Amino acid sequence: GQSTSSSATTSAPSSSVSSGTTDKTLDLSDLSNTLVYAGESESTINPILNTHDEITDIIFSGLMKYDGDGTPICDLAESYTYDDPTLTYTFKLRDGVKWHDGTPFTADDVVYTYDVLFKDKTLSASITSNYKDIESVTAPDEKTVVIKLKQYNAAMLGYFTIGILPKHLTEGQDINTMPFNQAPVGTGRYKFVKWDTAGGMIILEANKDYYGKVPNIERIIYKTVAVESTKATMLQSGEADLAWLNAKYADSFRNNDNFKNIDFKTADYRGISMDCSTDFWKQNADSIGVLNYAIDKDSVVKSVLAGRGVAAYSPIQLNAYGGNKDADIYSYDLNKFAEEMDKLGWKKGSDGIYERNGQKFHFTIQVRDYEEERVDIANVCASQLKKAGVDMEVVLVSKFDWDAGYNGFLSGYAAQFDPDMCYSNFVTDASENLMHYSNSKVDELLEKARHTENPDERKELYHQFEKVYAENPGIVLIAFLDGNYVSIKGLSGLDTTRVLGHHARGVMWNIEDWTLNR
Amino acid sequence: MENILEIKNLSLSFYTPSGEIEALRNINLQLGKGEILGIVGESGCGKTVLSKTVLRLLPKNAKIKNGEILLNGKDIVPYSESKMRGLRGSVMSMVFQDPMTTLNPTIPIGKQITESILKHSNIKYNEAKKQAIEMLDMVGIDSPEKRFAMQPHFFSGGMRQRCVLAIALASKPEILFADEPTTALDVTVQAKILDILLKIRDETRISIVFITHDFGVVARIADRIAVMYAGKIVEVGKTEEIFYDPRHPYTWGLLSSLPYFAKKGEPLKCIPGMPPVMMNLPKGDVFATRNKYALDIDYEKEPPIFDITDTHKAATWLLDKRAPKIKPPKFFGGECHE
Amino acid sequence: MKNRTLIKDIIIRLLGFVLAMFVLSVVVFYFARLAPGDPLQSFYGDATESMTSAELHAARVRLGLDAPIYIQYIKWFGNALGGDFGLSLKYKMPAMKVVSPLIGNTLILGSTAYVLVFALATGLAIACAANEDSLFDRAVCKIGTAAYYIPAFWLGVVLVLIFSINLKVLPSSGAYDIGKSGDVLNRIRHMILPLIVMILSHLWYYAYMIRNKLLDEIRKDYVLLAKSKGLNKREIIFHHCLRNVAPTIISIMAISIPHVLSGTYIAESVFNYPGLGSLSVESAKYHDYNLLMILVLITGFLVIFSSIIAKTINEIIDPRMKDSEVSAWQR
Amino acid sequence: MNDILSVHNLVQHFKINSGLTINAVNGISFDVKKGEIFGLVGESGCGKSTVAKSIMGLYSLTSGEIYFKGNMISDRKIYRKNKDDIHKNMQIIFQDSSSALNPRMTIEKIIREPLKANNMYDKTKSEKQIDELLRQVGLDVSFRQKYPGEISGGQRQRVAIARSIALSPELIIADEPIASLDISIQAQIINLFQKLQREYGFSFIFIAHDLSIVRFLCNRVAVMVKGRIVETAPTEVLFENPLHPYTKSLLSAIPVPDPKIRNSKFIDYNEKELNDNGILKEVCPQHFVYM
Amino acid sequence: MAEINSFKLVGTEYKTYVPCVKKIPFCKKLKGKPIISAIILAVIIFGCVFAEKVGNHNPTEFYLQNLNTAPNSEFYFGTDSLGRDIFSMIWYGGRVSIAIGLMSMVIISVIGITYGCISGVSGEKVDAIMMRTAEIGNSIPSILLVILIMSVMGEENIFKISFVIGISGWFALARIVRSEVRQIRNSDYVLSAKTMGVGFFSIMIFHLIPNFVSSIMFVIVSSISSSIAMESTLSFLGLGLPVDVISWGSMLSLANKALLLNTWWVIIIPGLFLMVTLNCITNIGSFFRKETNRKHSNL
Ligand SMILES: Nc1ncnc2c1ncn2[C@@H]1O[C@H](COP(=O)(O)OP(=O)(O)OP(=O)(O)O)[C@@H](O)[C@H]1O
Ligand SMILES: Nc1ncnc2c1ncn2[C@@H]1O[C@H](COP(=O)(O)OP(=O)(O)OP(=O)(O)O)[C@@H](O)[C@H]1O
Ligand SMILES: [Mg+2]
Ligand SMILES: [Mg+2]
């Protein structure tokens, strides 16, 4: 039902900003109940352009949302029904939901948003492809949305979590470039107040008219920070209250009484993805898996990640549907590696590098330079492989270049919610299958799992997938990272049951429960 | 005649990384009030250093080894820098060798003159400006009001030298050191400047030390002449004495190399060799190796100064009683005595 | 007559200025596009990684990135004349709008550093030149060079460690605290560390240059004349020498703008100070063409314009500069 | 044709900027005969050096013609055609010996340079020639390895002379070669000039403002004022019978090393008296005056 | 010497006079020369050249058992957070950094001097155009310019980085050279060389360059320093060399991270080496500058 402002904690003197984004009346004199979050730099705040961004997630809300376990539950929808024969979802929308500007939220907005997702040609496929199974979205009345599918998709419910855009503010505009992206209006827990570019911060305020629990923390200041180490110094100097840090920086806060370390599990893995369309791997696709024997993943975790993470054997290892121990078929064993290589017909050359058919075991991978951990992982792996007799050349790039002919790249993916999130990575010619991986068995299993309703059956299919993939991988998986958040002592309520996504996104999933006590 | 400046036994050296340069060696000199003393000598013999020593404008590596500089009877060698500053400009001033570089290129001439006036008297700027314009007029610069605000760049060499003169004279000093003020100029301008100097001397009774290597110029302007060689004064006397009765072989050499005394078709006479670098000087008379009339003793022992008359002195062994009699060269058709 | 030539001079200079800006824009425009790499990455972010080539092509057409470069340039130029500098690919809004809130920050930081660097450099240079080879001079020279070679980014982090983390007296990042955009004192507090870094990393370079210039100057003959007038050291240096090195200092100041700006960029990225610096680096790295253009044009404008001003001022100070001597090499 | 060089109506203007043009030389004509020492005198800034440099081809002429051995070298094409001949046979000696020699080259390199540049360098022969040249100008072989900064002004001037006679040119233009030297050294250099002229029959253009030396050295003299020749005559004629007021003024300004004559009057010549469109008139044979 | 003979007329050159030149002691000769800088620099360069011999570990190896160890008898300068041996890295990194410095210096000098000379001897218009062009190049902040050029050049290596740094760093030198050339181009010795028919490049090499080289020596020498510094800045901005190529710059950006981890040896040591080297180079450079200006102050 309707919730009135019931912030239990501090009796914060109500700041005069109530609605709208009139920043002239912005009063920031009292910051005692304001959370300063050190985040990455942002360019747009739009749920369709930035799926799963911390800010978009709390400003916008979708028909559904994920709970702590990663299962979709109702959000803007009060309830839904699924009619199996007709493949139709019928959503009953909440009453009295208002956009932050006061306009009532209606089914039209939902229809409009999904329309954009289907029809807007300027959007990239990685966003729209998830919705390919939808046939139509209609609104029989103001409070009802009917979504008809072409075929069953187990992950569909999760995809309904996408934030809904206000039709009245965005209709007819170019979704990529509209000014709305820098002054968003949503239905979420926090409303956008001001983007202070010159100050490097985005100011959000709790939405007092929120239909669910109104957050305790009255205001969030999202600071845009480009350099990772700066986030750490900001925490230390008291300029930020919460930040996601890499494992080593986070470790330096561990014995400090003024800070809390909040360590999430994430489904975010790092691996060396091979581009199977390049000549080298076309000829040597059989030799990807053996590389796993030559990499001491545990010591990578220990050194690069300061022990905050686990060695990876499956891309969905930390997903509720994944984690098949039988898929963990490789162990660090150089003798075994040599043996296997021998079997595959590789012989060590005079320079200590394996050769086969006159070809050296030499391949290049591109690594994006802005994430320190990726670079370190790549380097450590390269040096371990080198010792084993494989020449992996690491090339730092500021952005991936797919046309330059690199044999691979250091990848990072996460399938934190539905395991179907990995569909687009591994199915032949799927939208995010950048390694051009193709394995009919994998295609079959993932396709089948996607359209299977029974959770147990699905789990079994995914376990099979893990095993099949491990035997014939396109990625040399290295490690799953932990999501190391550090906050000031007074911040509480962060719930680590949630497995976070890529780059530890999703920490604010229960932000309404957080409290700040300076 | 009272001496306004008297230099006694002055020796000065430069200490350089490669050794000691004995730039001045035992200089004795007097300058009377209203007198023009010409100093002649080849390049590098220490003429500039001598005048700079008196004004204490030498770089840090120069050291007065001994001697006194008596200004109006007071020794100024021990004076502090700030005390010297008080003397510079007001009591003594100097015109430097090269008019092209001694003026500050970016400051209008007028300002450079008034600066000197204002520094030494407490008159108003307008008054100083008036004086400066008078000064410019006096040194013969036409339309001085217009020129007052112009930068040196717009002046020709001769005009610049006159401006330097104006600056030096502006604060009404008692002694003016004019260091080859006309060497860089052509003869007509030189003649004009000499006339101006003479006129000023007559008007203000200023004492002038006039440095040059041109005998024609000293003949015209000086009352007395000192001939310098390698940091020493080798002969000093009234102008007439030097020209008509020179005693030092070096003076003879200088005079005889003047084209004025040469006959067309004959080669000019000249002093052989080069002046020495004043480092590690040989014993004896430094000039000996270039001296046609050198005596054996010249290679062994420095000659003392011999008085010829009250005013005429020379440092050569030829004046010693024991020396062989030598027929000196003649310059002014037989007028040369002895 | 004199006025006419003055006006003519000014007009010629302005024309030269416009021409220079034009050339600069052409060069950067072409140059940026020569670089391999996909500008769409800025636009679509990671999503480009999964776009099909047809999609990419369509996007390129939409953004006008498919036309030949000269057509793109003509279009850009036409729009720019009308004040429209195009869309920033990364920020997906008009480039001008991206830049304008940050210009203030950078200009405040940059110009404060600039003024301080040159004020201090001149002061230091004078102090050193006046006491050449004294203990003071030698000490300053040694310390100055050492300080100059401390890498700026490294120094920045050390300062943060000391002043922000350990002593907690100065903020480590940002241009101002939350809600204090109008508070001058607060802005100054935020600028202290970046300024220290920028000053230390530029000061000696210029101080040394000016010091040497001054040393050359005090070896000139006119100093002797000034001295023989009875002027003291201070008067000679301030009234004579400094005036003569002023043109040099001014020219150095004019050409040093890009150097100081480079310093600003580093300081900005170390101290997470929102400004053009990080923006420039980013836009060059990620092919955000229109943003890059605007940023280069801004610095180009500052540099070229100030060098023209410097030239004009110098000609007033020192008329010799104006005469061009005829070269015997013309044949 | 025994004129080695003739100059017709040479005009040399320097455009400084749109507002200012310096008229350095305003149309002068003269000839230099083979084996002659031709003196060019005049006050500082009257354009003497400019004439010298124009003849050497260092400026592009405003107008006028210059003939060297009958070739009109003021024309670029002809200049280029005769480039080698001109480089070899016309040499200039500058006033300031310290700036005329590259301070970073040893004496032998300096003297070797013209030989090399004109492809006349032959290792054994030329090295001997360099020794010989040094000897001729009165320097010994030990100077070869020295730098210009290490030797005195007079010696430098001799090196400059040695360099310019290395190619045995037919014409040497000496631009105030002794003005910066001491009297005693002056005499040495003048003697050297005389000797060279006598022994090798070089032609000279001798530029000076010191008339006493011009009188001693030159066969013929031209007096310049403000870019014009105002009087030209054989030396003795000019000195005995100066006709132009400026010449008179110049002569009266010569400092005479005799204290008795010190009060002789210096005649001040006002340049403004010079009218702009006079011509040179032959008043006596060979004696031309500008009127 | 017997008095009797003393007054004989003997004339010039009677005795050849041998000046008693005092031997200047060796230590005095060295005075004012940057010996200490030269020695330190020599040691560092020696160490870098023989990095294989000097270093006792493989600089690219990750000693994962020895993360963040403080300096000890095995790892003289300690290890970083990935277990690399700082001591070995210093020498290898120095090799790269110094090579970059030297190569950039060569590029800067060649381009700057040639451009400056040509501009200096050219007439008004060509000169103006050349100088404006350089000014335009110079008006792009060097970091931006380097990024731009680098993105055009593609994959980085030592040569390319030196090239890029060189290419973006010659403007100032060209300006100085030009003004120096303008001062000497009409000097008599250049003119007489011209009248003797010496060609332009000979004039440039034998007459122009030797006469301004001392005044640009300082700029040239310090361009080594600034190139090394530039490389480290680029590394810091993540634009430097490939990761497996160690340079002092890349080590410094490690230091940047290490600050938060309290491993002082990772922070201090590369910075110290860089600063000491740059200082030595600069000292030597300013010695050359001083050499050219032996005159005493007039103050
Ligand atoms: N600052 C100095 N350091 C070392 N030696 C110096 C210095 N100034 C002058 N000398 C030496 O002192 C001697 C005398 O020099 P000075 O300038 O007085 O000669 P001069 O007679 O004025 O010559 P000129 O006619 O060329 O002006 C010279 O041998 C010169 O080398
Ligand atoms: N390259 C040039 N550019 C501009 N003006 C020049 C140039 N060369 C000479 N002048 C000017 O031409 C005039 C004549 O100069 P020139 O050097 O020929 O005189 P000069 O008779 O040789 O004088 P001096 O006796 O001083 O050597 C002077 O006013 C000079 O300023
Ligand atoms: Mg002198
Ligand atoms: Mg001349």
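From a predicted model like this one, the values you see are computed outputs, not experimental measurements. Lettering follows sequence order; numbering is per chain, from 1.
- In terms of heavy-atom pairs under 4.5 Å with chain C, the best-connected choice from B:Asn104, B:Asp98, B:Leu87 is B:Asn104.
- The existence of a salt bridge linking B:Lys119 and C:Glu235 is confirmed by a sub-4.0 Å separation between a basic side-chain nitrogen and an acidic carboxylate oxygen.
- Side-chain contact between B:Thr101 and C:Tyr222 is absent, with no heavy-atom pair separated by less than 4.5 Å.
- There is no contact between B:Gln97 and chain C, counting heavy-atom distances below 4.5 Å.
- Proximity to chain C involves both the backbone and the side chain of B:Ser116, based on heavy atoms less than 4.5 angstrom apart.
- Remark: C:Phe305 CZ is loosely packed, at most 12 non-hydrogen atoms of other residues, nucleotides or ligands lying under 6.0 Å away.
- Here the shortest heavy-atom pairing between B:Thr102 and C:Leu225 reads O-CD2, 3.2 Å.
- Counted within 6.0 Å of CG on C:Leu15, heavy atoms from surrounding residues, nucleotides or ligands total more than 12; the atom is thus considered enclosed.
- From B:Lys52, atom NZ reaches atom CG of C:Leu224 across 5.0 Å, with rounding to the nearest 0.5 Å.
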_Verdict with reasoning, B:Phe177 to C:Ser228, per side chain to side chain contact (heavy atoms under 4.5 Å, CB included)_ = CA-CA 10 Å; B:Phe177 290 88; C:Ser228 79; over 6 Å; no
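- Here B:Leu103 is the residue among B:Leu103, B:Leu55, B:Val95 with the most heavy-atom pairs under 4.5 Å with chain C.
- The two residues C:Lys229 and B:Gln112 come nearest to each other via the heavy atoms NZ-O, 2.8 Å.
- In the displayed structure, B:Phe14 atom CZ is contacted under 6.0 Å by more than 12 heavy atoms of other residues, nucleotides or ligands.
- Heavy-atom distances place the backbone of B:Met92, and not its side chain, under 4.5 Å from chain C.
- Here the NZ atom belonging to C:Lys227 is positioned 6.0 Å from the CG atom belonging to B:Leu57, to the nearest 0.5 angstrom.
- Note: B:Glu115 CD to C:His240 NE2 = 3.0 Å, rounded to the nearest 0.5 Å.
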